[in-house]
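Each ligand, and each atom within it, is numbered from 1 in the order the structure gives. Owing to the predicted nature of the structure, the values given are computational and were not obtained by experimental measurement.
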Amino acid sequence: MKKQNKTGPWHFETGEYRPPSEGGSSSLLVRLTRNCPWNHCTFCAMYKGEKFELRPPSEIISDIDAMGRIASELKEISHRSGRNGTLTSAIVSEFFRKTPDLNFHPGVGMLISFLAAGGKTAFLQDADSLIMKAEDLVKVLVHLKSVFPSIERITSYGRSRTLARKPAQDLARIHEAGLDRIHIGLETGDPDLLKLIKKGSTPEDHVKGGKKAMAAGFQVSEYWMPGLGGKARSKDHALNTAKVLNLINPHYIRSRPFTPRPGTIFYENAGPNSLDPMTPKEQLREIHQTLEALELSSRICFDHAGNYWSGPDGRLLLSQSYEGYAFPEQKAQVLARIETGIQYYS
Ligand code: SF4
């Protein structure tokens with residue numbers, strides 16, 4: 001995503017990505033940094049060709065103030081129309097009539113969805129907000145909560161390596177200032193595969209970063225990528241991922257099955273015969289192997305369209321709920337359901 005032009009009192013910057021589990025489409029997106037400070041992962045096209053930039057806290061605060069002014073203006077129109085502060089389409093139309101240049105603003109729809117849903121959740125963009133200096137991040141969090149006191153949960157992406165390097169007291173301060181949940185791209189716990197995909201984190205970084213985030217009080221959500229190692233590395237990927245997850249014991253583990261995407265280094269470098277795609281049965285076998293080796297208390301989630309497998313009844317094999325399944329309580333049930341899928345695709 002390019003740097004956006006900022007002019008006038010209403011203007012603020014919005015990034016492109018956030019995890020789907022964050023309030024559906026109703027989280028307030030606050031852009032703290034631009035793009036990804038690492039940007040080398042071979043399977044990822046999100047910020048390719050875009051330069052990473054830290055944004056000065058004053059600029060972020062000015063964005064939050066602009067969003068606050070729009071929220072106040074909408075509320076005022078609502079009160080004047082006898083709607084007691086609630087948002088209706090007539091109120092939104094009136095607002096756009098008064099500020100026609102905002103019709104084309106990429107973030108205003110997001111802000112209106114956030115307000116209409118009660119203004120409860122916020123997500124800090126882009127790929128690794130924890131890379132900011134703790135004092136700057138704290139300043140932004142405090143300001144965000146003062147402008148939008150209705151916010152109940154603030155979340156962000158964070159890289160394992162960044163978390164592993166951050167002093168524990170800084171993480172605790174950031175949590176205390178209001179950041180509740182961190183989404184971490186673990187992808188795999190296999191050391192060779194981590195090198196191959198150029199993740200920039202070792203299994204040790206994953207464990208250290210994840211455990212430090214847990215110790216600081218954050219809710220930790222780890223994303224793993226079934227199928228990332230293809231057929232050849234499937235077993236090592238499954239078992240080493242389970243090993244690392246067991247050591248972290250995060251609150252959430254989310255499955256994001258690997259798909260080779262055009263625009264990624266992986267896709268561009270792959271020859272026609274080297275994509276090594278796994279069949280649905282092989283994918284399910286690998287997931288079964290990973291889950292069977294888990295000994296932890298986490299929620300295991302399949303909240304992404306990539307978890308597409310169906311069962312003999314024609315329904316989705318695994319629930320795509322954001323809260324997923326409780327392990328260990330539902331482990332036997334999930335494994336049995338995956339067995340059903342393996343049989344179905346045999
Ligand atoms: S750290 Fe995340 S955003 Fe950055 S390149 Fe890797 S997967 Fe993409």
Side-chain angles (χ1 to χ4, degrees), residues 1-3 13-22 27 29-55 123-132 137 155-166 179 181-210 212-213 218 220-230 233 237 241 244-245 248 250 252-270 301 303-306:
M1 151 123 358
K2 301 265 182 311
K3 204 164 168 172
E13 195 167 314
T14 307
E16 205 167 330
Y17 300 102
R18 58 146 174 77
S21 59
E22 288 311 328
S27 280
L29 303 180
V30 186
R31 199 172 200 197
L32 267 56
T33 64
R34 298 187 184 102
N35 310 310
C36 173
W38 174 245
N39 218 7
H40 294 296
C41 299
T42 60
F43 59 88
C44 171
M46 289 205 290
Y47 303 104
K48 285 287 164 283
E50 303 293 347
K51 190 170 149 257
F52 174 74
E53 286 173 313
L54 285 165
R55 300 185 68 209
F123 178 73
L124 311 181
Q125 300 174 305
D126 281 333
D128 189 16
S129 315
L130 273 296
I131 204 158
M132 278 176 76
L137 193 40
T155 66
S156 175
Y157 282 130
R159 292 186 66 233
S160 291
R161 199 162 171 82
T162 304
L163 289 160
R165 288 171 162 186
K166 204 106 187 151
L179 183 62
R181 182 182 290 180
I182 305 181
H183 295 275
I184 304 172
L186 179 121
E187 329 306 355
T188 180
D190 184 68
D192 296 336
L193 189 50
L194 280 169
K195 269 189 213 147
L196 197 72
I197 61 167
K198 297 196 170 29
K199 185 66 197 169
S201 298
T202 60
E204 293 73 28
D205 291 330
H206 277 327
V207 174
K208 190 173 174 192
K212 276 174 84 174
F218 294 108
V220 172
S221 196
E222 297 275 359
Y223 290 72
W224 118 87
M225 203 169 259
L228 184 61
R233 292 185 170 80
H237 174 35
T241 298
V244 165
L245 287 170
I248 302 171
Y252 292 90
I253 296 169
R254 300 184 191 275
S255 160
R256 294 287 180 270
F258 172 64
T259 313
R261 293 187 194 287
T264 60
I265 299 168
F266 178 93
Y267 193 91
E268 306 310 333
N269 288 351
C301 310
D303 53 334
H304 185 271

(message) Could you tell me, atom by atom, which parts of ligand 1 come under 4.0 Å of a heavy atom of Tyr47?
(response)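 By the 4.0 Å cutoff, the relevant atoms are 3 (S).
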(message) As an exercise, identify every atom of ligand 1 less than 4.0 angstrom from a heavy atom of Phe43.
(response)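 Numbered from 1, ligand 1 contributes 7 (S).
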(request) Quick one: closest heavy-atom pair of Met132 and Leu54, and the distance? (result)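 Closest pair (atom of Met132, atom of Leu54, distance): CG-CD2, 3.9 Å.
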(message) I'd like to know if Tyr157 contacts ligand 1, where contact means a heavy-atom distance under 4.0 Å to any ligand atom.
(response)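 No, that is not the case, since the closest heavy atom of the residue is not under 4.0 Å from the ligand.
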(request) Could I get the full list of salt bridge (Lys or Arg N to Asp or Glu O under 4.0 Å) partners for Arg233, not counting sequence neighbours? (result)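 Residues passing salt bridge (Lys or Arg N to Asp or Glu O under 4.0 Å) with Arg233: none at all.
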(request) List for me each residue that meets salt bridge (Lys or Arg N to Asp or Glu O under 4.0 Å) alongside Lys198, sequence neighbours excluded, and say none if there are none. (result)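 For Lys198 there are no salt bridge (Lys or Arg N to Asp or Glu O under 4.0 Å) partners, ignoring immediate neighbours.
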(request) With Glu187 as reference, evaluate Arg254, Lys195, Arg159, Lys199 under the salt bridge (Lys or Arg N to Asp or Glu O under 4.0 Å) test and give the passing residue. (result)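 Among the candidates, only Lys199 passes.
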(request) Would you mind telling me which of Tyr252, Tyr223, Tyr157 makes a side chain to side chain donor-acceptor pair (under 3.5 Å) with His183? (result)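 Output: one option passes, namely Tyr223.
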(message) I'd like to check the ring-ring contact (aromatic ring centres under 6.0 Å, His included) partners of His40; sequence neighbours left out, ordered by chain and number.
(response)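 Residues passing ring-ring contact (aromatic ring centres under 6.0 Å, His included) with His40: Trp38.
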(message) Keeping to distances under 2.8 Å, can you name the protein N/O/S atoms close to atom 6 (Fe) of ligand 1?
(response)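 Correct list: Cys41 SG.
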(message) Salt bridge check, Arg18 against Asp126: does any charged N sit closer than 4.0 Å to a carboxylate O?
(response)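 Looking at Asp126 and Arg18, the cut-off is not met.
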